[in-house]
Amino acid sequence: MLDIKVIRENPDWAKQKLATRGIKGQEIDELISIDEKRRAALSESEELKAKRNKVSKQIAQAKRNKEDAGAAIAEMRAVGKRIKDLDAQVAELTDKQRYILLRLPNFPADSDPIGPDDSYNEEVRKWHEPTKFSFEPKAHWTLGEDLGILDFDTAAKVSGARFVYYKGAGALLERAVYNFFLDENTSEGYHEVIPPYLVNDDSMTGTGQFPKFTEDVYTIVDNDDPDKPLDLTLIPTAEVPLVNYYRGKIVDGQKLPINVTALTPAFRSEAGSAGRDTRGLIRMHQFNKVEMVKLCKPEDSWAQLEELTHNAEHLLQKLGLPYHVVALSTGDASFTSAKTYDLEVWLPYQHKYREISSCSNCTDFQARRAQIRYRDENGRVHLVHTLNGSGLAVGRTVAAILENYQNEDGSITVPDVLAPYMHGMKKITKENAF
RNA sequence: GGAGUGUUGUCCGAGUGGUUGAAGGAGCAUGAUUGGAAAUCAUGUAUACGGGGUUUUUCCUGUAUCGAGAGUUCGAAUCUCUCACACUCCGCCA
């Protein structure tokens with residue numbers, strides 16, 4: 001959520017910033033007008049309340065002295081009515097203001113490429129050239145199915161489209177990858193957490209998924225009363241329970257930055273994406289992801305974003321997977337983000353880079369919604385800045401390993417760093433199938 | 001699922017309609033004392049929003065907040081209703 005004070009004091013700047021994210025100026029004008037009306041009503045109500053408090057004390061005093069307070073009581077009865085009236089106005093205006101504020105995206109950083117969509121994204125750096133093959137590389141789903149380590153057909157029968165069974169060496173590979181990620185992240189100072197996979201609406205609102213993006217997630221309903229959703233949603237990312245852990249808290253400033261990491265499944269309904277990436281592991285309704293979250297002081301967040309991005313990059317480097325880093329344009333970055341670097345890994349069959357991690361500085365946008373604050377050395381309270389990044393999407397990493405490490409005979413060479421996690425298995429072949 | 005109890009400031013804990021933003025204690029901060037420390041003493045110790053002053057910081061003032069929301073009242077932490085959560089016991093269960 002944006003700070004109404006910032007918008008109030010710099011309306012033109014706010015409009016210009018949000019215009020790069022597709023927000024119209026009228027919306028901001030409306031917001032400012034509501035804010036003015038709200039403060040006017042609030043001021044009047046508070047003045048009357050001050051009067052009422054004062055007179056009420058006099059009434060109490062009069063009663064103690066056994067004096068008559070009838071006139072004052074009658075007067076305050078009228079004042080009370082007017083206060084109730086004004087408070088109703090304030091409440092209505094506050095709701096309206098909140099309605100708009102909850103749906104406005106974060107201000108983009110000055111360094112963001114400006115543009116409406118991903119064609120305006122800018123490559124920041126590239127690591128290694130795309131993998132070269134002396135043969136025609138196959139798609140990871142072909143490799144996986146031929147090796148008997150991925151089974152999409154049976155998953156379709158059991159669950160539906162966009163689900164998968166990992167089997168045998170495939171399951172082992174998935175497990176090896178996420179254990180490797182968790183070990184790397186914890187050695188970089190991230191604290192490991194296993195959070196709930198179902199969260200309530202307040203949490204979804206706190207990290208910015210709600211109220212705008214209810215379409216993208218799975219919410220639980222009561223079978224006996226299907227019209228009434230329970231206040232529980234399957235997490236679309238571990239970011240939600242990780243950040244909301246701190247919702248409503250004031251943390252000691254000396255403990256910042258706080259780094260946490262978690263492996264969780266992520267559940268996404270992906271409405272509107274029908275037809276895209278219909279095959280393979282790239283776009284699933286359920287996928288494993290290791291997430292990294294940072295809470296820090298505002299002045300540190302830009303340095304922390306670089307660190308977070310490098311943490312994620314090192315994972316790809318150790319796996320030997322070619323990738324590049326892309327700065328997202330103002331129109332492509334996520335709702336909560338001020339600046340986002342996407343890590344895109346090379347997928348030989350598609351012959352292009354595909355997102356495998358998204359590292360964002362959300363500045364105080366989530367912290368304001370979730371009321372996450374810290375106390376500085378002087379005892380003063382401020383909002384923290386929050387950052388999140390995948391480290392990394394596990395399924396997509398497996399896809400990238402299958403495609404980049406494939407051999408002409410369809411076997412997969414296991415990346416060296418994963419060997420200890422694969423019980424020494426050097427190669428995945430058909431003999432590993434069941 | 002059934003029955004009961006409870007939810008007050010950083011923590012513990014008092015408080016059943018009127019100088020209660022909230023007793024008391026602990027903790028913490030600053031100062032005094034000390035060679036230093038402990039002990040002791042003194043002072044201070046919430047957040048949000050509005051207004052004013054300053055605009056680096058400090059400050060003044062009003063309002064609200066005692067799980068959340070609504071109601072009764074001139075006035076509610078205190079009375080009424082709804083909801084959420086926690087704990088205890090019983091039942092069921094991986």
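Each chain gets a letter, A, B and so on, in the order its sequence line appears, and its residues count up from 1. Worth knowing before you read on, the calculation uses all heavy atoms, side chains too, and leaves out hydrogens, waters and symmetry mates. Since we're looking at a predicted model, the values are computed, not measured.
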**Item:** Stepwise ring pair (Phe, Tyr, Trp, His ring centres under 6.0 Å) test for A:Y197 and A:F267
**Value:** CA-CA 9 Å; A:Y197 301 161; A:F267 300 93; 7.3 Å; no
**Prompt:** So, is A:R82 close to the B:C74 phosphate, meaning a side-chain N or O under 4.0 Å from OP1 or OP2?
**Reply:** no
**Asked** When the C1' atoms of B:A86 and B:U8 are considered, how many whole Å apart are they?
**Response** 15 Å
**Item:** Gap separating the CG atom of A:L295 from the CD atom of A:Q304, nearest 0.5 angstrom
**Value:** 10.5 Å
**Asked** Closest nucleotide of RNA chain B for A:R77 versus for A:Q371: which of these residues is on the 5' side?
**Response** A:Q371
**Prompt:** What is the nucleic acid contact for A:L42, judged by heavy atoms within less than 4.0 Å: base, sugar-phosphate only, or nothing?
**Reply:** sugar-phosphate
**Asked** OP1 or OP2 of B:G75 less than 4.0 angstrom from a side-chain nitrogen or oxygen of A:N53, does that happen here?
**Response** no
**Asked** Distance between the P atoms of B:U7 and B:C66, in whole angstroms?
**Response** 14 Å
**Request:** Could you tell me whether A:A50 contacts a base, only the sugar-phosphate backbone, or nothing, with contacts defined as non-hydrogen atoms closer than 4.0 Å?
**Result:** sugar-phosphate
**C1' atoms of B:U78 and B:U16, separation to the nearest Å** = 5 Å
**Asked** Rounded to the nearest Å, what distance is computed from the CD1 atom of residue A:I250 to the P atom of nucleotide B:G9?
**Response** 12 Å
**Item:** Interatomic distance, A:K57 NZ vs B:U73 P [rounded to whole Å]
**Value:** 23 Å
**Prompt:** What does A:V381 touch in the nucleic acid at a heavy-atom separation under 4.0 angstrom: a base, only the sugar-phosphate, or nothing?
**Reply:** sugar-phosphate
**Prompt:** Would you find more than 12 non-hydrogen atoms of other residues, nucleotides or ligands less than 6.0 Å from A:F213 atom CZ?
**Reply:** yes
**Request:** Could you give the distance separating B:G18 and B:A77 at their P atoms, to the nearest angstrom?
**Result:** 11 Å
**Asked** What stems involve RNA chain B, if each pair must be Watson-Crick or G-U and both of its distances must be under 3.5 Å, with 3 or more such pairs in a row?
**Response** B:1-7 with B:84-90, B:10-12 with B:24-26, B:27-32 with B:40-45, B:46-52 with B:59-65, B:67-71 with B:79-83
**Prompt:** If only side-chain N and O atoms of A:R375 are considered, is one of them under 4.0 Å from the OP1 or OP2 phosphate oxygen of B:A46?
**Reply:** no
**Request:** Please state how far atom CD in A:E75 lies from atom P in B:G75, giving the value in whole angstrom units.
**Result:** 13 Å
**Message:** Distance check, C1' atoms only: B:G50 and B:A23, in whole angstrom units.
**Reply:** 31 Å
**Request:** Nearest whole angstrom, please: distance from the P of B:G62 to the NZ of A:K54.
**Result:** 11 Å
**Request:** Identify the heavy atoms of A:A41 and A:L86 that sit nearest to each other, and give their distance.
**Result:** O-CD2, 4.2 Å
**Asked** Distance-only, no hydrogens or angles: does the A:N121 side chain make a donor-acceptor pair with backbone N or O of A:S329 under 3.5 Å?
**Response** yes
**Message:** Would you say A:R52 places a side-chain N or O within less than 4.0 Å of OP1 or OP2 belonging to B:G75?
**Reply:** yes
**Request:** Side-chain contact test, heavy atoms from C-beta onward, threshold under 4.5 Å: evaluate it for A:W302 versus A:N361 and give yes or no.
**Result:** yes
**Item:** Nucleotide B:U72, atom P - distance to NZ of A:K81 in whole Å
**Value:** 12 Å
**Message:** Quick check on B:U72: is either OP1 or OP2 less than 4.0 Å from any side-chain nitrogen or oxygen of A:K84?
**Reply:** yes
**Prompt:** Hey, does A:R8 reach any base, or is it just sugar-phosphate, or nothing, if we go heavy atoms under 4.0 Å?
**Reply:** sugar-phosphate
**Rounded C1' spacing from B:U65 to B:A76 in Å** = 13 Å
**Item:** A:I83 CD1 - B:A76 P separation (whole Å)
**Value:** 10 Å
**Asked** Can you name the nearest heavy-atom pair linking A:H140 to A:L150, along with the distance?
**Response** O-CD1, 4.1 Å
**Message:** If you compare every side-chain N and O of A:R39 against the phosphate oxygens of B:G51 (OP1, OP2), does one of them come in below 4.0 Å?
**Reply:** yes
**Asked** So what does A:K51 hit on the nucleic acid, given a heavy-atom distance under 4.0 Å: a base, only sugar-phosphate, or nothing?
**Response** nothing
**Message:** Please report the distance, rounded to the nearest Å, between CG in A:N200 and P in B:C85.
**Reply:** 9 Å
**Prompt:** How close or far is atom C1' of B:G50 from atom CZ of A:R38, stated in whole angstroms?
**Reply:** 8 Å
**Asked** Roughly how far apart, to the nearest Å, are B:C11 and B:C93 at atom P?
**Response** 39 Å
**Message:** Once rounded to the nearest 0.5 Å, what's the spacing between atom CD1 of A:I83 and atom CE of A:M76?
**Reply:** 8.0 Å
**Complete:** Taking B:G50, B:A64, B:G18 as options, the one with an atom nearest any side-chain atom of A:K49 is B:A64
**Message:** Roughly how many Å apart are B:C41 and B:U34, using the C1' atom of each and rounding to a whole number?
**Reply:** 14 Å
**Asked** Short question: side chain of A:D85, backbone of A:K81 - any donor-acceptor pair under 3.5 Å?
**Response** no
